[in-house]
Amino acid sequence: MPDYIPSPAVNEFIFNQDTVDYVLETLMNRGIKVAGGDRLGKTIVFAQNKKHAQFIVDRFNKLYPQYNGKFAKRIISEDSYAQSLIDDFKVETKEPHIAVSVDMLDTGIDVPQIVNLVFFKRIRSKTKFWQMIGRGTRLCRDLFGDGQDKTGFVIFDYLGNFEFFRQHKEGLPGSESQSLSEAIFAKRVRLIHYLQEAAFAEDAYQAIRQSMVDTVLQQIRALNPELVSVKLQLQHVEKFKHAGAFVCLSDEDKRHLIAGLAPVVYMDDADEYAKRFDSFMYGLMLAQIEGTAQFNRGKKQLVETVGQLAKRATIPQIKSKLALIQTIATDEFWQSADVLTFEKVRAELRDLIKFMAEEGGGSRFVYTNLADEVLAVEEGKAMYQAYEFENYKLKVNRFIERNRDHLAIHKLRHNLPLSAGDYESLERIFTGELGTAEDYEREYKNTPFGLLVRKIAKLETEAANEAFSAFISDQSLSQQQIVFVKKVIDYVAQNGYIDQVSELVKPPFDKPMSFIKLFDGAKQRQLVEVVNRIKDNAVKVLG
């Protein structure tokens, strides 16, 4: 922990409920995932003491009740069952997946599957600190699937123990790829939207649509409203947890479901291979409906997959589906195949895919996801102006883009206030490591370090939404007022902040109705306070 934080403040910080909730949500959202992106990889949380460790576990169980109190466990030497938990933690598929430790797991434990380390305690011994980092450095083959080895790990440091994370620059960013749960949810929504068209009015198609609606409803109703990520989408959760919302989805409904709710839902299904097959088959259905070139590739992959299943006909479960498996390879099947046929294939074969993966050395299931095809890419000519920047300016931009999880930059991206130590680290980087104070003044004049970082790194959309959460959840706002707030959120996310509140009465905020006419005095003051606070968090220094 940096020296500028007084010792008595440590306990207040680490035992603060909001702080612990933020740490856990950041870990679950940004940590490296396994099992197709649906499960957090093995993680050690280094806690300050026994009471702190239990507090962390209790908050996790409150935030994520779907894991039934087994996903995260406290592991300390005083617990009689500690060694049993460690033995389970060493097994990739066994719970717990998060071990909250006080000293016991700091050194000596060898778990190659560990991909996330959370430093939630103050470390003063350099030797011990590097030993703790060593828990994440073990190599692990096929951790993310066949042929996809572990190549790095993530460090979350909340007490300033390791300011620059220099030794693993490329391994720090968390997982940004779409999880299987998110992909499947989005594809189901798209299919629900298509299946309401007249071409699919027959009862058989509507039965499939209703089944998908029921599944999506169940996922939405299972969301925990205590999570900040769920709170930010509360208006959509409240709307789409009712079956009536799915009677006829609009394009806007589809967009809100995919953009707002797909990233926060989860699937209670431990079979990664079955979920991969679900995603593949839903993609095949969409490719056929939309008439894209992806359909032929999907057809080839499905034929290859059932061909490999046919080679394992001695497995009873596969033998019972052999008639269907053999039919898929025929021309007759593909002449009449449509959504009804593909849904039958998905439902009956999904539980068989794991048998292909369990045989060592056998053919591997096709992992390709039938993504939307890129038809064209337009590159802006203005991009090349970047090469006209002075060398110093280039170095500053590169540093910020490549070190987005540097503690101070992370805080600025997430609208968290800077400490004196954060400011000093930015000053040292911009006027010491990358160049001189004269270089900085020449290129950026008197721009504060925090505002410069915001201009380049932007503000995370989730942080912008959270800043305006009081407006987002305000049921009294009119549609025009909501649109205005959304404009402001989009602007600060893209630009990092609003420089002067007077900009709220200028383009792009002045149409179709001005800020002054839209809101009463109280609401105007409330919105201005939020706008000013976002900028202040990049300028003012705590302590």
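In what follows, residues are counted from 1 in the order of the sequence shown.
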Determine yes or no for a side-chain-to-main-chain donor-acceptor pair under 3.5 angstrom, with Asp439 supplying the side chain and Phe430 the backbone. no
Step by step, work out the side chain to side chain contact (heavy atoms under 4.5 Å, CB included) result for Val264 and Val237. CA-CA 10 Å; Val264 297; Val237 173; 5.9 Å; no
For residues Leu418 and Phe449, determine if any side-chain heavy atom of one lies less than 4.5 Å from a side-chain heavy atom of the other. no
Less than 4.0 Å between a side-chain N and a carboxylate O, is that true for Lys523 and Asp474? yes
Is a side-chain N or O of Lys50 found less than 3.5 angstrom from the main chain of Val102, in a donor-acceptor match? no
Side-chain heavy-atom pair Glu25, Tyr64 within 4.5 angstrom cut-off: yes
Decide yes or no on side chain to side chain contact (heavy atoms under 4.5 Å, CB included) for Ile220 and Leu257, but give the supporting numbers first. CA-CA 10 Å; Ile220 295 172; Leu257 283 162; 4.0 Å; yes
Side chains of Asn397 and Glu401: any donor to acceptor distance under 3.5 Å? no
Could you check whether any side-chain N or O of Gln481 sits under 3.5 Å from a backbone N or O of Leu518, counting only pairs where one atom can act as donor and the other as acceptor? yes
Could you walk me through whether Asp490 and Gln494 pass the side chain to side chain contact (heavy atoms under 4.5 Å, CB included) check? CA-CA 6 Å; Asp490 291 342; Gln494 180 61 34; over 6 Å; no
Where the side chain of Asn403 meets the backbone of His406, is there a donor-acceptor pair that is under 3.5 Å apart? no
Any side-chain heavy-atom pair from Tyr444 and Lys455 closer than 4.5 angstrom? no
To the nearest 0.5 Å, what is the distance between NZ (Lys62) and CD (Gln17)? 9.0 Å
If you measure from CG on Asn532 to CD on Gln500, what distance do you get to the nearest 0.5 Å? 8.5 Å
Side-chain donor-acceptor contact under 3.5 Å, Ser425 with Asp422: no
Are Thr19 and Tyr158 side-chain neighbours, meaning at least one heavy-atom pair lies under 4.5 Å? no
Mark yes or no for whether Asn465, through its side chain, and Glu462, through its backbone, hold a donor-acceptor pair below 3.5 Å. no
For the residue pair Glu438 / Thr436, report whether a side-chain donor-acceptor contact shorter than 3.5 Å exists. yes
Kindly write out the residues that satisfy ring pair (Phe, Tyr, Trp, His ring centres under 6.0 Å) with His52, not counting sequence neighbours, or none if the list is empty. Phe15, Phe120
Salt bridge or not between Asp251 and Arg255? Use side-chain N to carboxylate O under 4.0 Å. no
Nearest 0.5 Å, please: how far is NE2 in His97 from CG in Asp88? 10.0 Å
Are any of the side-chain heavy atoms of Asp38 and Glu272 separated by less than 4.5 Å? no
Counting distance only, does the side-chain N/O of Arg533 pair as donor-acceptor with the main-chain N or O of Ala467 below 3.5 Å? no
Is there a donor-acceptor contact under 3.5 Å from the side chain of Asn415 to the main chain of Ala463? no
Counting C-beta onward and ignoring hydrogens, is there a side-chain heavy-atom pair between Leu452 and Leu426 closer than 4.5 Å? no
Does Lys487 have more than 12 heavy atoms from other residues, nucleotides or ligands lying within 6.0 Å of its NZ? yes
Flag side-chain contact, heavy atom, 4.5 Å: Phe515 against Val501: no
Would you compute the distance between atom NZ of Lys121 and atom CG of Asn49 and round it to the nearest 0.5 angstrom? 9.0 Å
Which pair of non-hydrogen atoms, one from Cys140 and one from Gln113, has the smallest distance, and what is that distance? SG-CG, 4.0 Å
One should read off an interatomic distance between Glu466 CD and Thr461 OG1, to the nearest 0.5 angstrom, of 12.5 Å
Has the side chain of Gln219 got a donor or acceptor atom that lies under 3.5 Å from a matching backbone atom of Tyr266? yes
For a 4.5 angstrom cut-off between non-hydrogen side-chain atoms, does Val45 reach Ile98? yes
Residue list, side-chain contact (heavy atoms from CB on, under 4.5 Å) with Val483, at least two apart or on another chain: Gln479
Which residues satisfy the salt bridge (Lys or Arg N to Asp or Glu O under 4.0 Å) test with Arg59, sequence neighbours excluded? Asp21, Glu226
Do you know the tightest heavy-atom contact between Pro112 and Leu139? CB-O, 3.3 Å
Taking atom OG1 of Thr43 and atom CG of Leu117, what is their separation to the nearest 0.5 Å? 8.0 Å
Flag the pair Arg39 and Glu95 as a salt bridge only when some basic side-chain nitrogen lies within less than 4.0 angstrom of an acidic carboxylate oxygen. no
Output yes when a side-chain donor or acceptor of Lys33 lies under 3.5 Å from a complementary backbone atom of Met28, and no otherwise. yes
Surrounding CG of Asp520 (heavy atoms of other residues, nucleotides or ligands, distance under 6.0 Å), is the total greater than 12? yes
When you check the side-chain N and O atoms of Ser473 and Lys231, is any donor under 3.5 Å from an acceptor? no
Looking at Gln524 and Phe519, would you say the former's side chain and the latter's main chain have a donor-acceptor pair under 3.5 Å? yes
Do Phe240 and Asp253 pass the side chain to side chain contact (heavy atoms under 4.5 Å, CB included) test, and can you show the C-alpha distance, the side-chain angles, and the key distance before you say yes or no? CA-CA 9 Å; Phe240 293 112; Asp253 290 335; 3.7 Å; yes
